[in-house]
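Everything below concerns the one structure shown next.
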Amino acid sequence: MGNMIVICQKEMKSYFSSPVAYLLMTMFAVIFGFFFWNVVGYFVFMGMQQQMGGRSFPMNLNEQVIRPLLSNVSVIGLFLIPLITMRLFAEEKRSGTIELLLTSPISDVQILLGKWLAAILMYGAMLLVAGLNFIFLFAYGQPDWRPMLVAFLGLMLQAAGLLAIGTFISTLTKNQIIAGATTFGVCLLLWIMEWVSGYETATWAKVLAYLSIVSHFESFAKGVLDSKDIIFYLSVIFFGLFLTARSLESLRWRA
Amino acid sequence: MIKVDGLSKRYARTVAVDNISFEVQKGQIVGFLGPNGAGKTTTMRVLTCFMPATSGTASVAGFDVLEHPMEVKRRIGYLPETPPLYPDMEVREYLHFVGQLKGIPKAELARRVAEVSERCSVADVSNKLIAKLSKGYKQRVGLAQAIIHNPDVLILDEPTSGLDPKQRVETLELIKSLKGDHTIILSTHVLSEIEATCQDVIIISKGKVVATDTMDNLTHRLKGSEAVAIEVEGRNGAELATADVQRKLEQVSGVSRVINKAEGARLRFEVESLQGRVVRAEVARAVVESGWNLTELAPVSVSLEEVFLQLTESKK
Ligand SMILES: Nc1ncnc2c1ncn2[C@@H]1O[C@H](COP(=O)(O)OP(=O)(O)O)[C@@H](O)[C@H]1O
Ligand SMILES: [Mg+2]
């Protein structure tokens with residue numbers, strides 16, 4: 001446990017002592033802000049139209065602002081995750097510091113958990129900065145915070161799975177650009193796989209759609225905790241971390 | 001302290017280490033000598049639990065590297081061929097991190113960091129980014145990292161490679177000064193470095209141990225015979241027959257062999273002496289007394305390759 005935290009701290013310092021963390025947070029905040037004000041603007045516009053038309057539909061911040069917004073966020077995250085994980089092991093392999101880690105009295109699992117945890121914290125920090133926009137909603141409306149919390153949990157679970165896969169891919173190469181590009185490709189694939197379900201109903205299409213990481217976010221975005229989706233994300237996390245552990249082991253053989 | 005028995009390591013195609021065995025006693029400083037590709041790094045990586053061997057066993061302080069890797073890792077300080085440094089960390093921050101990795105208790109950490117910084121003369125750059133340090137400093141930070149948890153065994157892989165001569169000497173001095181506290185294995189492909197630093201030598205070539213001996217014995221064996229390169233010229237531009245000169249040199253007492261190394265019109269020879277004989281003076285006198293000019297006389301330094309040849313030949 002202590003060792004894992006040592007590694008995690010080191011990675012966090014590394015994110016924040018380089019431009020990476022600030023770049024990620026700024027990029028995410030800008031893109032998120034853009035979506036946010038678009039959706040809010042549309043919401044306000046609709047509201048005014050309704051008033052002028054004299055009709056009154058129930059307007060709901062959660063349904064009409066927060067839900068579409070968070071679905072977008074889950075996709076934006078796909079694009080930023082490679083930037084978070086690409087360095088984790090590739091750089092240690094390139095610079096030779098992997099020899100220090102692997103010859104210290106600390107287990108491979110502690111190393112990879114520490115790094116993965118740092119990646120999750122980095123992603124969380126990104127979400128929090130962007131989430132500051134929500135203060136506005138609380139100031140001018142009464143959104144229900146519970147579905148927001150569920151959605152946040154969903155985003156974190158989804159990211160944790162993708163970050164585990166990214167961590168694994170980072171163990172495969174010395175080149176962080178290759179690690180990043182590959183992770184990006186995998187993330188993209190896991191997203192677009194869902195699209196086949198739009199026109200195809202065969203079993204293979206259902207399987208692909210099931211494996212698509214984004215499709216499991218739907219329930220969270222609605223504010224519903226669905227155990228099927230939670231289990232899916234936990235399986236992705238376990239799978240990614242398991243592969244990382246095996247990869248480190250084989251790295252010792254090939255070195 | 002270190003025991004290696006029948007160790008082999010095979011990569012996909014190459015056999016890097018082939019059935020080697022040796023032992024290192026506590027408190028010794030041992031040189032691990034061999035040309036590039038001999039298998040030094042591979043052996044060290046097995047000892048430090050970085051990679052498992054294909055067959056054979058190795059143990060450190062009585063702990064087998066496969067069965068008790070944690071115990072072994074706690075007792076080993078390792079400086080890989082490229083020092084494992086994080087360029088974006090400051091020196092103190094880095095040593096602090098390594099100290100934590102090696103399990104030094106929180107209460108002692110700051111004190112240990114200060115101690116090893118002092119010991120390795122990097123205290124004056126404690127607050128500098130590692131990226132900004134010179135090669136010599138980086139190497140010393142690498143050494144500080146290796147000794148921070150006061151390990152029983154120090155494994156140093158080519159600690160002087162890539163340094164300039166002054167830095168080399170300083171680094172070797174530093175390593176020598178660590179001798180009392182640690183058992184040290186130090187690898188290099190430079191013979192003279194081992195001469196200056198180590199008591200014992202393990203010579204490895206193409207994955208096999210070709211000799212283990214004390215430094216004294218080894219230098220004795222190597223210094224047993226001497227070779228000098230000479231260049232001879234006729235006086236006042238007179239022509240000389242190569243065969244005449246060679247015959248004359250071979251007659252000098254103590255000479256075992258004369259090799260013709262003519263370069264164009266220049267008459268050059270390499271003269272080898274019998275075991276234990278110094279023939280430079282006699283050779284010079286013979287040349288001059290024959291009425292020739294001796295334009296050059298220089299000792300031929302024994303290269304590592306020749307050492308291997310000598311050692312492997314004398315074994316047969
Ligand atoms: N990761 C590796 N994969 C394949 N072959 C390797 C690897 N590392 C070293 N070798 C080979 O093993 C042999 C010994 O290498 P090494 O232990 O690095 O020698 P040294 O440190 O004495 O120069 C060399 O022939 C080298 O090419
Ligand atoms: Mg080497």
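Only a predicted model underlies this, so the values are computations on that prediction, with no experimental measurement involved. Order of the sequence lines sets the chain letters (A, B, ...), proteins ahead of strands, with each chain counted from 1.
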Exercise. Heavy-atom distances under 4.5 Å only: say whether E92(A) touches chain B with side chain, backbone, both or neither.
Key: side chain
Self-check item: I106(A) side, atom CD1; K73(B) side, atom NZ - distance, nearest 0.5 Å
Solution: 8.5 Å
Quiz item: What are the two closest non-hydrogen atoms of S104(A) and L101(B), and how far apart are they?
Solution: OG-CD1, 3.7 Å
Quiz item: Less than 4.5 Å apart, any side-chain heavy atom of L100(A) and any of F50(B)?
Solution: no
Quiz item: For the atom pair CG (L102(A)) and CZ (R45(B)), what is the distance rounded to the nearest 0.5 Å?
Solution: 10.0 Å
Quiz item: Side chain, backbone, both or neither: which part of L85(B) has an atom under 4.5 Å from a heavy atom of chain A?
Solution: backbone
Self-check item: Any M51(B) side-chain heavy atom under 4.5 Å of W253(A) side chain
Solution: no
Quiz item: Should we count CZ of R119(B) as having more than 12 external heavy atoms under 6.0 Å?
Solution: yes
Quiz item: Measuring heavy-atom distances to chain B, does T103(A) have an atom under 4.5 Å in its side chain, in its backbone, in both, or in neither?
Solution: both
Self-check item: Contact class of Q145(B) relative to chain A, heavy atoms under 4.5 angstrom
Solution: side chain
Exercise. Go through the atoms of V98(B) and report whether side chain, backbone, both or neither lie under 4.5 Å from a heavy atom of chain A.
Key: side chain
Practice problem: Can you tell which part of Q9(A) gets under 4.5 Å to a heavy atom of chain B, answering side chain, backbone, both or neither? | Solution: side chain
Exercise. Please determine which of P80(B), P84(B), P83(B), P87(B) meets the side-chain contact (heavy atoms from CB on, under 4.5 Å) test together with T97(A).
Key: P84(B)
Self-check item: Portion of S107(A) that has a non-hydrogen atom of chain B nearer than 4.5 angstrom
Solution: both
Quiz item: If you draw a 6.0 Å radius around CZ in F16(A), do more than 12 non-hydrogen atoms from other residues or ligands fall strictly inside?
Solution: yes
Quiz item: When rounded to the nearest 0.5 angstrom, what is the spacing between CG in D157(B) and CD in E99(A)?
Solution: 8.0 Å
Exercise. Please determine, among E93(B), M89(B), E81(B), H149(B), the option with the most heavy-atom pairs under 4.5 Å with chain A.
Key: E93(B)
Exercise. Measure the NZ-OH distance between K10(A) and Y86(B) for me, rounded to the nearest 0.5 Å.
Key: 3.5 Å
Quiz item: Do S14(A) and D88(B) come within less than 4.5 Å of each other through their side chains, counting heavy atoms only?
Solution: yes
Quiz item: Which heavy-atom pair separates C49(B) from R252(A) by the least distance, and what is that distance?
Solution: O-NH1, 2.8 Å
